Amino acid sequence: MTEPRLPSTGDEHDALHEAAVLANALPYLRRYAGDTIVVKYGGHAMGDVGLAKTFGRDIALLKQVGINPVVVHGGGPQINQMLKRLDIPSHFIDGLRVTDANVVDVIEMVLAGSVNKQVAELICEAGALAVGISGKDGKMITARKMRRTVRDMDSQIERVLDLGFVGEPVKVDPRVIYALSGSGLIPVIAPVGLGEDGETYNINADTAAGAVAGAVHATRLLMLTDVPGVLDKQGNLIPELTAAQARQAIEEGVITGGMIPKVETCIEAVQGGARGAVIIDGRMPHACLLELFTASGSGTLIRAE
């Protein structure tokens, strides 16, 4: 029995355009066939319902054309909402949440629970099979306590900040990721790690994605952000940087503010084993597909050299 044809839109120009898009994407489909692409999902792309559904379809499409996507997600706004509902105050130092034992329990509940399953569901609804896990599953992400120092402007004395159960990856064991991807499934990872003594650590989603991308030797790490990419001092997009050029741009003040840790994550990813890391605008529909399947891409690519 043959499948019924979809009804015609009656617009031959649109049909020809769609065929041309598919034909132009063919070389890129071949280039990435069988490769692993790690996507850090968060920001505006995660909060907008329309963009969220588009993201789910795009990730499903990647799997269906022979690419192995791995999603690492954040969930800051959802954590804030839950803490507010539970009347637990939030404290931040240098943009990092101070996380005590009560807060880390809520973070794990939100990230590895509701948010993780919602992201997996977006992909499943689009026709692929996604499985939500956290960095604690299979001891995937081993973490240690993050320590930050600040210098007093008057005395110039440095002091160590205690951020509680805020962690940073020490090791990523990719066996769970490989097992899921090899079985036709898409891993969706919540950035929660396990300490050597069994502690639970909250890990920045960008940092976790970079560590995962390096460990699985991803062809690309796609960092969805709320900006077009790395901009020069005139506000123009910089299409590509080596790790050395990116460091120089930080030193010269071209890269500033919240873009610095994102670029540093990309540098660590490519030096850890990923072939390239791209900072792209997650507010743009189909941002991942535009980056992977067009000649110009859609953000700033950072390579090891």
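Each residue takes its place number in the sequence, starting with 1. Nothing here was measured: the structure is a model prediction, and the numbers come from that model.
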S.K.: Hey, is the main chain of Ala112 close enough, under 3.5 Å, to the side chain of Ser134 for a donor-acceptor pair?
M.R.: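 Not a single qualifying donor-acceptor pair exists.
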S.K.: State, with a plain yes or no, whether a side-chain heavy atom of Pro239 is found less than 4.5 Å away from one of Thr300.
M.R.: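 Not in contact.
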S.K.: Which pair of non-hydrogen atoms, one from Gly297 and one from Thr294, has the smallest distance, and what is that distance?
M.R.: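 So the two residues come closest at N-OG1, 3.3 Å.
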S.K.: Run Leu237 and Leu231 through side chain to side chain contact (heavy atoms under 4.5 Å, CB included) and show every step you take.
M.R.: CA-CA 4 Å; Leu237 179 68; Leu231 307 179; 4.3 Å; yes
S.K.: Check whether any side-chain N or O of Glu199 sits under 3.5 Å from a backbone N or O of Asp197 as a donor-acceptor pair, and report yes or no.
M.R.: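 Side chain of Glu199 to backbone of Asp197: a pair is present.
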S.K.: Kindly determine whether Val39 and Cys288 satisfy side chain to side chain contact (heavy atoms under 4.5 Å, CB included), including the steps that lead there.
M.R.: CA-CA 8 Å; Val39 182; Cys288 294; 4.0 Å; yes
S.K.: Kindly work out whether a path of hydrophobic side-chain contacts (I/L/V/M/F/W/Y, heavy atoms less than 4.5 Å apart) joins Leu289 to Tyr41.
M.R.: yes
S.K.: Inspect the contact between Glu196 and Arg144 and indicate whether a charged nitrogen and a carboxylate oxygen are less than 4.0 angstrom apart.
M.R.: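 Glu196 and Arg144: not salt-bridged.
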S.K.: Look up atom CD in Gln81 and atom CG in Leu86, then write down how far apart they are to the nearest 0.5 Å.
M.R.: 12.0 Å
S.K.: In chain order, what residues pass the side chain to side chain contact (heavy atoms under 4.5 Å, CB included) check against Lys139, with sequence neighbours excluded?
M.R.: Leu194
S.K.: Over all heavy atoms of both residues, which pair between Pro228 and Asp281 is shortest? Give the atoms and the distance, please.
M.R.: CA-CB, 3.7 Å
S.K.: Let me confirm one number: the CD1-CD distance from Ile203 to Glu168, rounded to the nearest 0.5 Å.
M.R.: 9.0 Å
S.K.: Less than 4.5 Å apart, any side-chain heavy atom of Val270 and any of Arg275?
M.R.: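 A side-chain contact under 4.5 Å is absent here.
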S.K.: Hydrophobic clustering (ILVMFWY, side-chain heavy atoms < 4.5 Å, transitive) - are Ile133 and Val216 grouped together?
M.R.: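 Yes, Val216 connects to Ile133 through the hydrophobic network.
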S.K.: Show your working on side chain to side chain contact (heavy atoms under 4.5 Å, CB included) between Val192 and Asn202 and close with a plain yes or no.
M.R.: CA-CA 5 Å; Val192 179; Asn202 172 32; 5.7 Å; no
S.K.: I need the Met46 CE to His73 NE2 distance, nearest 0.5 Å.
M.R.: 6.0 Å
S.K.: Could you tell me the separation between the CG atom of Asp100 and the CD1 atom of Ile88, rounded to the nearest 0.5 Å?
M.R.: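 Rounded to the nearest 0.5 Å, the CG-CD1 separation comes out at 7.5 Å.
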S.K.: Is any side-chain heavy atom of Ile59 less than 4.5 Å from a side-chain heavy atom of Leu62?
M.R.: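 Ile59 reaches Leu62 side chain to side chain.
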S.K.: Could you work out the complete set of other residues in the hydrophobic cluster of Val49, with links drawn between I, L, V, M, F, W and Y side chains under 4.5 Å apart?
M.R.: none
S.K.: Just how far is it from atom CD1 of Ile189 to atom CE of Met140, taken to the nearest 0.5 Å?
M.R.: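 Going from the CD1 atom of Ile189 to the CE atom of Met140 covers 4.5 Å.
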S.K.: State plainly whether one hydrophobic cluster holds both Phe55 and Ile279, where clusters connect Ile, Leu, Val, Met, Phe, Trp and Tyr through side-chain heavy atoms under 4.5 angstrom apart.
M.R.: no
S.K.: Quick one: does Ser298's side chain have a donor or acceptor within less than 3.5 Å of a partner on Leu290's backbone?
M.R.: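 Side chain of Ser298 to backbone of Leu290: no pair is present.
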S.K.: Can you tell whether the side chains of Asp162 and Lys145 come within less than 4.0 Å, N to carboxylate O?
M.R.: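 Judged by the 4.0 Å cut-off on N to carboxylate O distance, Asp162 and Lys145 do form a salt bridge.
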S.K.: Is there side-chain contact between Ile186 and Leu129, with heavy atoms separated by less than 4.5 Å?
M.R.: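 Not in contact.
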S.K.: Looking at Met223, is its backbone amide N or carbonyl O close enough to the side chain of Asp206 to form a donor-acceptor pair, meaning the two atoms are under 3.5 Å apart?
M.R.: no
S.K.: Considering all heavy atoms of both residues, which atom of Ala208 and which atom of Val72 are nearest to each other, and what is their separation?
M.R.: CB-CG1, 4.2 Å
S.K.: Given side chains that start at C-beta, do those of Leu163 and Thr99 come closer than 4.5 Å, heavy atoms only?
M.R.: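 No; the side chains remain at least 4.5 Å from each other.
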S.K.: With a 3.5 Å distance limit and no angle check, can you tell me whether Asp48 reaches the backbone of Gly50 through a side-chain donor-acceptor pair?
M.R.: yes
S.K.: Can you check whether Val227's main-chain N or O pairs, donor with acceptor, with Thr225's side chain at less than 3.5 Å?
M.R.: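 Judged by distance alone, yes, a pair lies under 3.5 Å.
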S.K.: Are Val71 and Lys40 close enough that some pair of their side-chain heavy atoms sits under 4.5 Å apart?
M.R.: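 No, their side chains stay 4.5 Å or more apart.
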S.K.: Can you give me the closest heavy-atom contact between Pro169 and Ile141, atom names plus distance?
M.R.: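 It is CB-CG2, 4.1 Å.
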S.K.: Kindly give the heavy-atom pair with the smallest separation between Val188 and Ala120, and that separation in Å.
M.R.: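 For Val188 and Ala120, the tightest heavy-atom pair comes out as CG2-CA, 4.1 Å.
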S.K.: Does the side chain of Val212 come within less than 4.5 Å of Ile177's, by heavy atoms?
M.R.: yes
S.K.: Are the side chain of Gln245 and the backbone N or O of Thr242 linked by a donor-acceptor pair below 3.5 Å?
M.R.: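 Looks like yes, one N/O pair under 3.5 Å.
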S.K.: Which residues pass the side-chain hydrogen bond (donor to acceptor under 3.5 Å, both in side chains) test with Thr54, not counting sequence neighbours?
M.R.: Arg57
S.K.: Starting from Ile302, can I reach Leu292 by hopping between I/L/V/M/F/W/Y residues whose side chains sit under 4.5 Å apart?
M.R.: no
S.K.: Hey, can you tell me if Phe165 and Tyr201 have their rings parallel, tilted or perpendicular (30° and 60° cut-offs)?
M.R.: tilted
S.K.: Start with the C-alpha distance between Leu221 and Val278, add both sets of side-chain angles, then the distance that settles side chain to side chain contact (heavy atoms under 4.5 Å, CB included), and finish with yes or no.
M.R.: CA-CA 6 Å; Leu221 164 63; Val278 193; over 6 Å; no
S.K.: Can you name the closest pair of heavy atoms from Ala60 and Ala126 and give their distance?
M.R.: CB-CB, 3.7 Å
S.K.: Go through it in stages, so that I can follow the logic: the residues are Asn68 and Ser181, the test is side-chain hydrogen bond (donor to acceptor under 3.5 Å, both in side chains), and I'd like the CA-CA distance, side-chain angles, deciding distance and then a yes or no.
M.R.: CA-CA 6 Å; Asn68 293 312; Ser181 294; 5.0 Å; no
S.K.: With no hydrogens and no angle check, is any side-chain donor or acceptor of Asp105 less than 3.5 Å from a backbone partner on Asn102?
M.R.: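 Not a single qualifying donor-acceptor pair exists.
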S.K.: Is Arg220 close to Leu301 at the side-chain level, that is, under 4.5 Å between some pair of heavy atoms?
M.R.: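 In contact.
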S.K.: If you measure from CG on Leu241 to CD1 on Ile255, what distance do you get to the nearest 0.5 Å?
M.R.: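 Between Leu241 CG and Ile255 CD1, I get 6.0 Å after rounding to 0.5 Å.
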S.K.: Same cluster or not: are Leu185 and Val38 linked, directly or through other Ile, Leu, Val, Met, Phe, Trp or Tyr residues, by side-chain heavy atoms under 4.5 angstrom apart?
M.R.: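 Same hydrophobic cluster.
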S.K.: Return yes if some donor-acceptor pair links the side-chain N/O of Tyr32 with the main-chain N/O of Thr36 below 3.5 Å, else return no.
M.R.: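 Checked: no pair found.
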S.K.: Using modelled atom types only, decide if a donor and an acceptor are shared between the side chain of Arg283 and the backbone of Asp226 within a distance under 3.5 Å.
M.R.: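 Answer holds: yes.
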